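Here the structure is laid out as structure tokens; the discussion comes afterwards.
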Amino acid sequence: MSRSVVSEIRRNHIYELLRKGRRMDGREPLDLREISVETGVIDTAEGSARVRYGETEVIAGLKMAIGTPFPDTPNKGVLTTSMELIPMAHPDFESGPPGGDAIELARVVDRGIRESGMVDVEKLCITPGEEVWMCFIDIYSINYDGNLFDAAALAVVAALKSAIVPASNHDKGEDFPLPVTCVPITATMAKIENTLIVDPTFDEEMVSSARLTVTSDGNGDVRAMQKGKSGAFTVEEVNYIVDVAREKGDEIRKIIG
Amino acid sequence: MDSDIVMVDDKGKRLDGRTADELRPMKIEAGVLSNADGSAYLEIGKNKVLAAVYGPRECHPRHLQNPTRAIVQCKYNMQSYSVGDRKRPGPDRRSVEISKIISEALEAVIQVELFPRASIDVYIEILQANAGTRCAGLTAASVALADAGIPMRDLVPSVAVGKANGHLLLDLNKEEDNYGEADLPLAIVPKTNEVVLLQMDGHMTREEFGTAMEMGVKACHEIYEMQKDALRRRYSTEADEQEVEE
């Protein structure tokens, strides 16, 4: 049964509750759902994590191989991120090559990792201009109940933090932990009427007019942002969202240590 | 072939300590995904598999609709990090074939005539692979179908019997599979012992084939008990459990 249409009754219910500062699952606007993070869930991956935000569940895995660097960055390892919205995760997801949503998700997650310099790519150089480590980060949605951005980003961060570079398999010396410099955390807020909420569920996403995703690092600095959907935010709203995202970043950073 | 590798030692034990006709440790959990109509998570040895069922629902693409019965559309997918060297995402020839034979095995037990024009969609995702994923996927898929409440004649347990260094071994792991000389994946309908999936590649004598089939069928019945147990755990109420205790 397709659930991509939210009934008028449900939509109005969400609106009415939010006018009183409440949400369908009993949360307040700034409450996250229960978050769980398990790392090392896939033995065949160099690093992996399963993350749940309430009923939303994703798995991220890192595979590494040796390849040639890009000509303009001869002494840097290569990072690529892709996301699959597999049909298992939601009645509306279809198999086939990634569509716009999956590509946007992957690119927003990628930007958070890349722009924060989380992975020290210079330490992933083996021979400048010839051999570097390539990091393939793959994210699969397992169950979709809203806010894939934050769940996917957290899964990637947890997977990278726990990853081991398989150097001995490639005759490149001993295995070593993936060099990680910081822990960027992504938090998304959605706008419903004039209320801003964190960690939207599927129904909340469906009735929201806009969303803003903000990645911040451990110093509270903003490292990446992405606005989505056709609605608009005021400047005050944007500032407010950035502050909330930084606070939520600290809250979530404690979970993964 | 490296004949120095001892597949079965003089005590009858394999590389991982199992006997020739012993399954790897197995765990099945039904009803693990909230969006799917039915789902199951299965681990056997180092394999980790998720199965989800959506349907019966409207059949897409339309031209595949059958006016007299439902069709079963299975998609078997190996996730990119599930194997040693990263697998390129998306379907390849191997996964297309596996999807087809699993669909057919499931169609054999599902009462498809009850749902004209509908599609029953089964998604199998291999999270971690260590030989025997198609069988693990099918075993999980039939539990997911039962979890979805889809009328079926029986569950479909599945396992492979292999031959390595001259020994017939049940449920080869990856290490053993690397030295495999033959592979015989099969699935049965336990109530009737009908075979609904059967493949074989490699080299077995007629006698070995007979023995391998027997080993496989026997192991399928063991798996069947674990499938039923998973469904019981999912659906038993406290009252049921008290009744059992009494």
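In this text, all values refer to a predicted model and were calculated from it rather than measured experimentally. Convention: sequence-line order gives letters A, B, ...; per-chain numbering from 1.
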**Request:** With rounding to the nearest 0.5 Å, note down the distance linking NZ in B:Lys87 to OG1 in A:Thr44.
**Result:**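 B:Lys87 atom NZ to A:Thr44 atom OG1 measures 13.0 Å (nearest 0.5 Å).
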
**Message:** Please identify, among A:Val41, A:Asn143, A:Asn169, the residue contributing the most non-hydrogen atom pairs under 4.5 Å to chain B.
**Reply:**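 The option with the most such pairs is A:Asn143.
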
**Message:** Could you go through A:Phe93 and B:Tyr123, starting from their C-alpha distance and side-chain angles, then the distance that decides it, and tell me whether this counts as ring pair (Phe, Tyr, Trp, His ring centres under 6.0 Å)?
**Reply:** CA-CA 12 Å; A:Phe93 291 173; B:Tyr123 301 107; over 10 Å; no

**Steps toward side-chain contact (heavy atoms from CB on, under 4.5 Å) verdict (A:Asp138, B:Gln79)** = CA-CA 8 Å; A:Asp138 291 294; B:Gln79 300 193 337; over 6 Å; no

Counting only heavy atoms not in [X], do more than 12 fall under 6.0 Å of its [atom1]?
X: A:Arg11; atom1: CZ; result: yes
X: B:Glu107; atom1: CD; result: yes
X: B:Lys13; atom1: NZ; result: no
X: B:Lys228; atom1: NZ; result: yes
X: A:Arg10; atom1: CZ; result: no
X: A:Glu94; atom1: CD; result: no
X: A:Lys172; atom1: NZ; result: yes

Between [X] and [Y], which heavy-atom pair has the shortest distance, and what is it?
X: A:Tyr144; Y: B:Asn35; answer: O-ND2, 2.6 Å
X: A:Ile86; Y: B:Glu125; answer: CD1-CD, 3.4 Å
X: A:Pro91; Y: B:Arg57; answer: O-NH1, 3.4 Å
X: A:Ser82; Y: B:Arg86; answer: OG-NH2, 4.1 Å
X: A:Glu57; Y: B:Leu33; answer: OE1-CD2, 4.4 Å

**Message:** Given 3.5 Å as the limit, does a donor-acceptor pair link the side chain of B:Tyr54 with the main chain of A:Met88, or not?
**Reply:**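 Yes; at least one donor-acceptor contact below 3.5 Å.
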
**Prompt:** So, the side chain of A:Lys63 versus the backbone of B:Val83: is there a donor-acceptor pair under 3.5 Å, distance only?
**Reply:**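 Yes; judged by distance alone, with no hydrogens or angles, the pair exists.
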
**Message:** Quick check on the interface: out of B:Pro91, B:Ala129, B:Gly84, who has the most heavy-atom pairs with chain A under 4.5 Å?
**Reply:**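 Top count of heavy-atom pairs under 4.5 Å with chain A: B:Gly84.
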
**Request:** Return the option, out of B:Ala52, B:Ala51, B:Pro89, B:Ser80, with the maximum number of heavy-atom pairs under 4.5 Å with chain A.
**Result:**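 That would be B:Ser80.
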
**Request:** Side chain from CB out, backbone as N, CA, C, O: work out which of these in B:Asp121 comes under 4.5 Å of a heavy atom of chain A, or both, or neither.
**Result:**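 Answer is neither: B:Asp121 stays 4.5 Å or more from chain A.
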
**Request:** Let me see the working for B:Tyr81 and A:Asp43 under side-chain contact (heavy atoms from CB on, under 4.5 Å), right down to the final yes or no.
**Result:** CA-CA 9 Å; B:Tyr81 41 67; A:Asp43 302 341; over 6 Å; no

**Request:** Take B:Leu127 and A:Arg50 through the side-chain contact (heavy atoms from CB on, under 4.5 Å) test and state the conclusion after the steps.
**Result:** CA-CA 11 Å; B:Leu127 310 181; A:Arg50 179 196 295 258; 4.0 Å; yes

**Request:** Could you check if a side-chain atom of B:Asn77 sits within less than 4.5 angstrom of a side-chain atom of A:Tyr140, using non-hydrogen atoms only?
**Result:**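 Touching, per the 4.5 Å side-chain cut-off.
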
